[in-house]
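Just below is one structure, and these are the notes that go with it.
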2 protein chains.
Amino acid sequence: MRNRNITIGDVARLAGVSNATVSRALQKPDVVSEKTREKVNAAVLETGYTQNVMARNLRLDRTGMVVALVPDISNPFFSEILSGIESVATREGYNVLIANTNNDPAREHIYASYVQSNLADGILLLNGHVPVPNGAQKIIGDMSNLPPMVALCERIPNVDLPTVVIDNVDAACLATQHLIEMGHTNIVHVAGPIDNILTKDRRDGFLSALENAGLAQNLSDIFYGDFTINSGKQAFGKINQKEAIPTAIFCANDEIAMGVISAAREAGFSVPDDISVVGFDDIEIAEHYYPTLTTIHQPRRQLGVVAMEQLVELISSADAKIADLTTLGSQLIIRKSVKKVE
Amino acid sequence: MRNRNITIGDVARLAGVSNATVSRALQKPDVVSEKTREKVNAAVLETGYTQNVMARNLRLDRTGMVVALVPDISNPFFSEILSGIESVATREGYNVLIANTNNDPAREHIYASYVQSNLADGILLLNGHVPVPNGAQKIIGDMSNLPPMVALCERIPNVDLPTVVIDNVDAACLATQHLIEMGHTNIVHVAGPIDNILTKDRRDGFLSALENAGLAQNLSDIFYGDFTINSGKQAFGKINQKEAIPTAIFCANDEIAMGVISAAREAGFSVPDDISVVGFDDIEIAEHYYPTLTTIHQPRRQLGVVAMEQLVELISSADAKIADLTTLGSQLIIRKSVKKVE
DNA sequence: CTGAAAGCGCTTACAG
DNA sequence: CTGAAAGCGCTTACAG
């Protein structure tokens with residue numbers, strides 16, 4: 001078995017002081033005499049004492065832990081966001097439990113209940129919805145009773161939560177405009193899952209760009225997928241069956257775009273010579289893909305930083321004044337997957 | 001502030017029983033009478049009680065948490081491994097704290113000390129070395145005192161730890177042999193960081209394949225990088241300065257391979273027509289890259305599964321008999337980045 | 001089957 | 001500046 005834990009009592013005995021004094025010497029060194037402090041420090045070294053954080057947290061009714069609910073950590077989109085979250089967490093004395101939910105409500109629930117169970121102080125929602133808690137119905141409608149939470153990347157409809165996002169409608173509109181400016185008129189859109197809020201926003205942006213340009217908007221020109229490479233491939237299969245093959249495709253994320261490009265290539269088309277493609281997110285591989293991908297850059301790290309800062313504030317003071325909605329800037333990155341048509 | 005916590009005492013009062021009975025009714029239902037159990041369950045529902053896991057853990061001297069030390073979560077290589085780890089963790093009642101260390105010893109230390117601090121029951125080492133703990137020198141040499149740990153993906157030299165890996169030497173040899181079988185004789189290797197154990201193993205495999213084939217082995221044909229796309233690009237820059245441009249390049253991982261391919265293309269070479277490239281790892285994007293990447297497939301999910309299973313065993317019984325070294329199979333995946341030379 | 005009591009390791013008002 | 005004591009929320013031998 002593990003050795004018996006070395007406790008504050010062991011240190012106290014060796015230093016010849018009380019537990020209380022050891023605790024103070026460690027937590028608030030300036031409140032004890034220098035002599036005592038030195039005795040305690042020596043005893044800590046000699047015993048190899050390390051604080052039992054669980055006991056401390058139990059006593060203080062805090063945990064120093066924050067849960068990040070991520071639908072899929074294998075998605076490269078999230079890694080830099082998490083890195084931003086962690087940098088703030090480290091600075092503020094929190095640790096981040098990255099909870100991979102796979103969009104499984106049961107798993108979301110487990111991790112959400114960490115807060116109720118005093119295993120975490122707050123939750124970062126990267127999954128686009130509020131996890132349904134234990135008592136289900138009881139909580140809905142009584143939002144004031146929810147644990148500290150901040151949503152990021154995807155805003156959550158009908159819920160009053162601090163939220164950190166980019167303007168997806170605007171960005172999608174910008175991306176589509178770029179295609180239009182490059183002379184394309186037959187443009188289709190490969191979207192995400194039909195009920196997803198990002199799908200809605202980016203599709204709205206796409207449609208409004210077409211509308212502004214006076215181009216036809218056929219809802220049949222929107223193909224739904226699930227943000228994966230494979231769904232991009234499948235979508236291209238359908239696009240390839242149209243009588244008039246479009247000259248440009250706006251994809252709701254980079255992975256879809258890579259799937260579209262890869263399937264187009266297999267079908268004998270060249271990107272961008274035959275078909276131009278624009279992605280969304282600017283994941284790391286985008287600039288190394290072939291062709292390098294024109295896409296919308298999201299300030300991923302910054303999204304994480306701002307959201308975590310807001311969560312920390314929320315945890316430390318319940319009546320903190322946090323903006324409901326923080327919108328960060330995004331930008332169109334022009335690379336080589338789009339070609340001008342004459 | 002958060003509401004006062006609802007405790008086991010509140011439930012007990014409402015149910016008209018003692019705290020002890022509530023605890024039993026919840027943890028070992030069969031040991032209380034049915035009538036009592038029902039009263040307690042009703043009271044739990046009415047109060048909305050949820051267990052304070054921290055208090056429970058403090059009492060039981062366990063945490064139900066395991067730390068996975070990952071050098072870089074943004075590296076797609078790790079995501080599927082983590083997913084394997086998590087599937088076992090969920091099944092066994094553990095949660096996984098994914099600790100992104102960025103190879104920063106300080107961060108490794110913080111997370112490693114979670115075990116000492118009773119915040120975690122064990123550690124999964126995906127970073128290739130044992131974190132240096134608080135008391136530093138004290139621990140070295142007294143391995144019996146280390147917390148439960150399992151190393152995976154990278155074996156750790158000079159340390160006696162359960163380890164789950166593939167045979168990197170063999171696999172690298174196989175990959176190089178493939179190039180040789182395809183008629184290549186001028187082959188170079190782009191390796192990882194020079195002091196990394198994977199670098200060593202894969203380089204050894206590369207060299208032994210050359211030796212077996214009676215091909216020249218110039219150590220100047222090995223270019224060191226750091227497993228990133230950019231290091232692959234840089235390496236190709238140097239390769240391109242050789243008087244005799246090699247016809248084949250074995251890369252120590254897929255990201256290097258993608259960097260090499262991308263730089264080669266920019267320099268006017270075609271892969272595989274001019275230069276064949278083999279990667280290592282078979283990350284998700286490998287089969288969607290252009291050209292699709294011939295590479296070594298690592299059973300990533302399985303690596304995570306086996307390692308976590310071993311860790312659980314180690315935690316639950318200190319004298320569990322765990323194999324020192326578990327070697328999982330890998331395989332060469334042939335795609336389109338290699339061409340036969342006549 | 002159930003309760004009273006001790007104890008996990010810590011912190012902090014309260015006295016002095 | 002320091003100590004004795006209470007208490008965070010839980011579980012479990014020990015009696016009954």
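Any value given below was found using the heavy atoms of this structure, including those in side chains, with hydrogens, waters and symmetry copies removed. Numbered from 1 within each chain, the chains take letters A, B, ... in sequence-line order.
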With rounding to whole Å, what would you report as the distance between dA13(D) and dG9(D) at their P atoms?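 Per the computed distance, 23 Å lies between those P atoms.
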
Presence of salt bridge, R91(A) and E86(A), under 4.0 angstrom: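 No, this pair does not count.
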
Could you check whether V53(A) gets within reach of a base, just the sugar-phosphate, or nothing at all, counting any heavy atom under 4.0 Å? nothing

For a quick test of your reading: what N or O donor-acceptor pairs under 3.5 Å do the side chains of residues 53-60 of chain A make, sequence neighbours left out?
| residue | atom | partner | partner atom | Å |
| --- | --- | --- | --- | --- |
| R56(A) | NH2 | Q27(A) | OE1 | 3.3 |
| N57(A) | ND2 | V53(A) | O | 3.4 |
| N57(A) | ND2 | T63(A) | O | 3.1 |

What residue among L69(A), L303(A), I81(A), N75(A) forms side chain to side chain contact (heavy atoms under 4.5 Å, CB included) with L126(A)? I81(A)

For the side chain to side chain contact (heavy atoms under 4.5 Å, CB included) test, which of M308(A), Q310(A), E309(A) pairs with V312(A)?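 When side chain to side chain contact (heavy atoms under 4.5 Å, CB included) is applied between V312(A) and each of M308(A), Q310(A), E309(A), only M308(A) qualifies.
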
It should be established whether [X] places a side-chain nitrogen or oxygen under 4.0 Å from OP1 or OP2 of nucleotide [N].
X      : N      : result
Q51(A) : dG9(C) : no
T21(A) : dC1(D) : no
S33(A) : dT2(D) : yes

Residues that E80(B) engages under salt bridge (charged side-chain N to carboxylate O under 4.0 Å, His left out), provided they are two or more places apart: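 With neighbours one apart ignored, the set is R300(B).
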
Whole-Å distance between [N] [atom2] and [X] [atom1]?
X      : N       : atom1 : atom2 : answer
R37(A) : dT2(D)  : CZ    : P     : 10 Å
R56(B) : dG9(C)  : CZ    : P     : 17 Å
L26(B) : dT11(D) : CG    : P     : 8 Å
N19(A) : dA4(D)  : CG    : P     : 9 Å
D10(B) : dG9(D)  : CG    : C1'   : 11 Å
R13(A) : dG9(C)  : CZ    : P     : 11 Å
D30(B) : dC1(C)  : CG    : P     : 9 Å
Q27(A) : dG9(C)  : CD    : C1'   : 12 Å

Taking the side chain as every heavy atom from C-beta outward, state whether K39(A) and V17(A) have any atom pair closer than 4.5 Å. yes

Using the 3.5 Å cut-off, write out each protein N or O paired with an N or O of nucleotides 13-16 of chain D and the distance between them.
| residue | atom | partner | partner atom | Å |
| --- | --- | --- | --- | --- |
| dA13(D) | N6 | R24(B) | NH2 | 2.8 |

Rounded to the nearest 0.5 Å, what separates atom CD1 in I315(A) from atom CG in D121(A)?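 One gets 5.0 Å once the value is rounded to the nearest 0.5 Å.
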
How many angstroms lie between atom CG of D324(A) and atom CZ of R155(A), to the nearest 0.5 angstrom?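 Output value for this atom pair is 13.0 Å.
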
Return yes if some donor-acceptor pair links the side-chain N/O of T163(A) with the main-chain N/O of L161(A) below 3.5 Å, else return no.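 Answer holds: yes.
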
Would you check if the side chain of T47(A) reaches a backbone N or O of A43(A) as a donor-acceptor pair within less than 3.5 Å?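 Judged by distance alone, yes, a pair lies under 3.5 Å.
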
Which atom pairs link the protein and nucleotides 6-8 of chain C when you take only N or O atoms and keep those under 3.5 Å?
| residue | atom | partner | partner atom | Å |
| --- | --- | --- | --- | --- |
| dG7(C) | N2 | R59(B) | NH1 | 3.2 |

Minimum heavy-atom separation for V306(A) and T326(A), please, with both atom names.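 Of all heavy-atom pairs spanning V306(A) and T326(A), the closest is CG1-CG2, 4.2 Å.
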
Going by side chain to side chain donor-acceptor pair (under 3.5 Å), name the residues that satisfy it together with N127(B), two or more places apart in sequence or in a different chain.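 N127(B) satisfies side chain to side chain donor-acceptor pair (under 3.5 Å) with E108(B) only.
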
Identified stems (criterion: three or more consecutive Watson-Crick or G-U pairs, under 3.5 Å), DNA chain C: C:1-3 with D:14-16, C:5-12 with D:5-12, C:14-16 with D:1-3

For the side chain of S18(B), counting heavy atoms from C-beta on, which of dC10(D), dC10(C), dA4(C) is nearest? dA4(C)

